[in-house]
Student: 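Once you've had a glance at the structure underneath, I'll fire off some questions.
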Protein chains: 2
Amino acid sequence: MDQRALRYEQLADELAGMIAGRILRPGDRLPSVRRLAHEKKLSISTVVQALRQLEERGQVEARPQSGFFVRLPSPSQDPQLAPQTRKRMARPVAVDINNRLMRVLALNNRTEMLPLGAALPAAELLPIANLQRLYGIVGRRSGALLDAASHTALNHPDLVRQFVRHSLAWGQPLAADEIVVANSCTEALSLCLRTVTRPGDIPRDGMSVDALEIATCERRIAACLLVSNFNNPLGSLIPDHEKKRLTELMAARKIPVIEDDIFGNLHFGPDRPWPVKSFDTTGNVMLCSSLSKTLSPALRLGYVAAGRFHAEILMQKTLTSGATNPVTQAVVARYLESTAYDRHLRGLRRAYEKQVMQMSEAVLRYFPAGTRLSQPQGGFVLWVELPAGIDSAALFDEAVKVGIPFVPGDLFSASGHYRNCLRLNCGNPWSARFEEAIQRLGSLAAMVAPSAK
Amino acid sequence: MDQRALRYEQLADELAGMIAGRILRPGDRLPSVRRLAHEKKLSISTVVQALRQLEERGQVEARPQSGFFVRLPSPSQDPQLAPQTRKRMARPVAVDINNRLMRVLALNNRTEMLPLGAALPAAELLPIANLQRLYGIVGRRSGALLDAASHTALNHPDLVRQFVRHSLAWGQPLAADEIVVANSCTEALSLCLRTVTRPGDIPRDGMSVDALEIATCERRIAACLLVSNFNNPLGSLIPDHEKKRLTELMAARKIPVIEDDIFGNLHFGPDRPWPVKSFDTTGNVMLCSSLSKTLSPALRLGYVAAGRFHAEILMQKTLTSGATNPVTQAVVARYLESTAYDRHLRGLRRAYEKQVMQMSEAVLRYFPAGTRLSQPQGGFVLWVELPAGIDSAALFDEAVKVGIPFVPGDLFSASGHYRNCLRLNCGNPWSARFEEAIQRLGSLAAMVAPSAK
């Protein structure tokens, strides 16, 4: 096959790949022969030859005076016409916790799967109509927000003001000048970790202050990362006196505290518990949160109140991702300013509490005898401990086949513990579908039990 | 002072701090006595005492039947009423390149400063009205985009399709399945670096392929980070045959290439140069870009076409920041789909080329004899080499005093070189203001010249 033949074949295959990949869709006009020749650095005749070949393959049609257009695919079309660029597919990587977590999260995008995996609320519980309206309003008036200069400022002042205003209820409110807006609570947390830890350091999860105190004596600890209010997956709450003790202990030991308070507003009790941050008087606590569990995970808007680490966090944010979209910042600022936010939170708390209760009852009814449950004091996830010996990873494989994903317990352990545990998302209003799913999950659990083998 | 006195003093100071910090603004209603007592875990009488004190200080006023409201500040107000929370101010950090860079960037937010520092276009050159309109339209229809499930998908398919469509002109287009949408080109680049480098590694800037080849023989290189089209600050362009050679060399040496193509669409010549990525057949090149130099830096939207590193990049993105706002993705997808985009780019290229020319002429006219200039083939920054011995950092200090910031040359060097160089942003339409500023800068340069001392 001579060079020239090869070249027109290549171009034909490439365009075919674009059509197969639906980059070029039926009815789309192909670039002109002259433009293709110019851009691809090919001769006119080579390009024409390539287009003719596509025409023969029935993939494009020439329209007099107007060029070549993509045809509707014919059923008989050659399945071998994959995008040439496929050769750049990702290579397989070693399977570890992160990879398994990625797969569990990915299942959330599949409509045939019940949303019991990722900790996400149902759309119907979110104030989406309000947010849409605000995007419409703010969007049309966002000229100043979108101009070049605006993005070099990381924070929209109105949004920072709202974050501070909503912390007024805490023992000690946030300071406007310590806040850095981020693209999510996740980003806020990784900014904190990059600021105070080095690769190889292992942040200590501060569930028990006693355990933490012992640990600080045993080895150097780079940072204490914790969820003090309704931690995921247990939904438990650190009492105020323990929060105070922890804050003072970490300050005395000069161990930075990174607090994830994303569930803090979702309390089942009458009061919004204070974050550990409220007990901090030395700026040693970095508080991270976002609107993902209360307004919409799609907003991608969080923040860190960084205390004494503010300057470093500011730099990390600037150097690793830059500012956060100001239109979204303004939209959220407008919503948090409104009274609708508090009303929405009240209703949302009631809904989550009810859903956690309904899920708990179903699990107790349908799961094998000896199954134990967390009793969340807030949030919307339920932690289930199956009778010893039941492998939740094995259960997961069976459950996914019937469209019932959850998060296997060992994904919450760096050391492979909790193999007989699993986490259920209770973010969705209860229905017969969930009732049946939990019943099905219960019988599957009994099936994979060692005694059943 | 007894405990109780202390407590009401504290509450009064805290509320005063909120007023001083304009978190609570004149006319705002304070939380009710009952609510404050409940949330702050104080007695009713302590709260009342605190509010009375604020009333005496003239900061709040009691309105019958409706509670306490913030008063307009009286000029005689005590300047000592700083927010209590100020004690959490960031601690000073060591001054290094990053800190200096942060300060240079910060100057961009100050209106009295001429925008010669950060490489940012003037708002009037950007299609902001179009983007506003699209935010309005997409925003109002964004229900599905904002629901909980959507955010677990990192990419909006329409946007990915557009990124691929606009790469059709390249020798080898991007593959839809290798693209990960990011919050900026900056985030895309840091995702790549985190994926293929370890702390301590030093990415090699591949200006000269020969130098790069020698370097690969001398030591282990973790990654090659380069701007092949109109690099910042020189605006130079790597010729196609060198791009090809570099791609093959790095593939052979198994050294991942991270390409920053953010200026690629801003060519002064007739053709859009191909990125190095277009010469890559092994998936060894990660291409990063964004809309910040062409549409608006405020969008905070970029991407990486990650080749064989796709799976790891996907994981890094998920674990460090999560998805990217889908409303903005849809807005940009709509714009890139329109014919307006190509028209806009054509006009923008002409404008940038003209502005770079006007800036060059002014620098040659007003700067000390012996000043040398880059001759950018694209982009909108100009690199100026002052006669040996003129310290651009010293010039910077003088220039900022008169509101003419730029980027000192040594900020582009990890080893403190280019001290007699500086970078000028040409992103703004030329005007007498700039003419005078460059003239002023020229005389300041002559002043700080060693001969002048």
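What's counted below: heavy atoms across the whole structure, side chains too, no hydrogens, waters or symmetry copies. A, B, ... follow the sequence lines: proteins, then strands. Residue 1 opens every chain.
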Student: Which pair of heavy atoms, one from B/R300 and one from A/A323, lies closest together, and at what distance?
Tutor: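 Looking at all heavy atoms of both residues, the shortest contact is NE-O, 3.0 Å.
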Student: Considering only heavy atoms and a distance below 4.5 Å, find which of B/L301, B/D271, B/L295 pairs most often with chain A.
Tutor: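 Top count of heavy-atom pairs under 4.5 Å with chain A: B/D271.
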Student: Is there a donor-acceptor pair under 3.5 Å between the side chain of B/S296 and the backbone N or O of A/L146?
Tutor: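 Yes; judged by distance alone, with no hydrogens or angles, the pair exists.
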Student: How many angstroms lie between atom CG of A/L145 and atom CD of B/Q132, to the nearest 0.5 angstrom?
Tutor: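 Reported value, rounded in 0.5 Å steps: 8.5 Å.
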Student: Measure A/W170 against the heavy atoms of chain B and call it side chain, backbone, both or neither at under 4.5 Å.
Tutor: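 The backbone, not the side chain.
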Student: Of all the heavy-atom pairs spanning A/P326 and B/A298, show the shortest one and how long it is.
Tutor: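 That would be CD-O, 3.1 Å.
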Student: Please classify the contact of A/R194 with chain B as side chain, backbone, both or neither, using a heavy-atom distance under 4.5 Å.
Tutor: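 Side chain only.
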Student: Say you draw a straight line from CG of A/N183 to OG of B/S321; how long is it, rounded to the nearest 0.5 Å?
Tutor: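 Here the interatomic distance stands at 6.0 Å.
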Student: For the CE atom of A/M102 and the NZ atom of B/K317, what is their distance to the nearest 0.5 Å?
Tutor: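 Between atom CE of A/M102 and atom NZ of B/K317 there are 11.5 Å.
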Student: Check whether A/L168 gets within reach of chain B through its side chain, its backbone, both or neither, counting any heavy atom under 4.5 Å.
Tutor: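 Both backbone and side chain.
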Student: Looking at A/G171 and B/E14, what are the two nearest heavy atoms and their distance?
Tutor: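 So the minimum-distance heavy-atom pair works out to O-OE1, 3.6 Å.
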Student: Under a 4.5 Å cutoff for heavy-atom pairs, which residue among A/R140, A/R35, A/E124, A/R161 has the most contacts with chain B?
Tutor: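 With the most close heavy-atom pairs to chain B, the winner is A/R161.
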Student: Side chain, backbone, both or neither: which part of A/N428 has a heavy atom under 4.5 Å from chain B?
Tutor: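 The answer is neither part of A/N428.
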Student: Under a 4.5 Å cutoff for heavy-atom pairs, which residue among A/R165, A/R133, A/K40 has the most contacts with chain B?
Tutor: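 Of the options given, most contacts go to A/K40.
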Student: Between A/L314 and chain B, which part of the residue has a heavy atom less than 4.5 Å away: side chain, backbone, both or neither?
Tutor: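 Contact with chain B: backbone and side chain both.
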Student: Go through the side-chain N and O atoms of B/T328 and A/N325 and say whether any donor and acceptor fall under 3.5 Å apart.
Tutor: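 Their side chains do contain a donor-acceptor pair, which is all the 3.5 Å distance test asks for.
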Student: If you define the side chain from C-beta out and look only at heavy atoms, does anything of A/T186 sit under 4.5 Å from B/L319?
Tutor: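 The answer is no; the side chains never approach within 4.5 Å.
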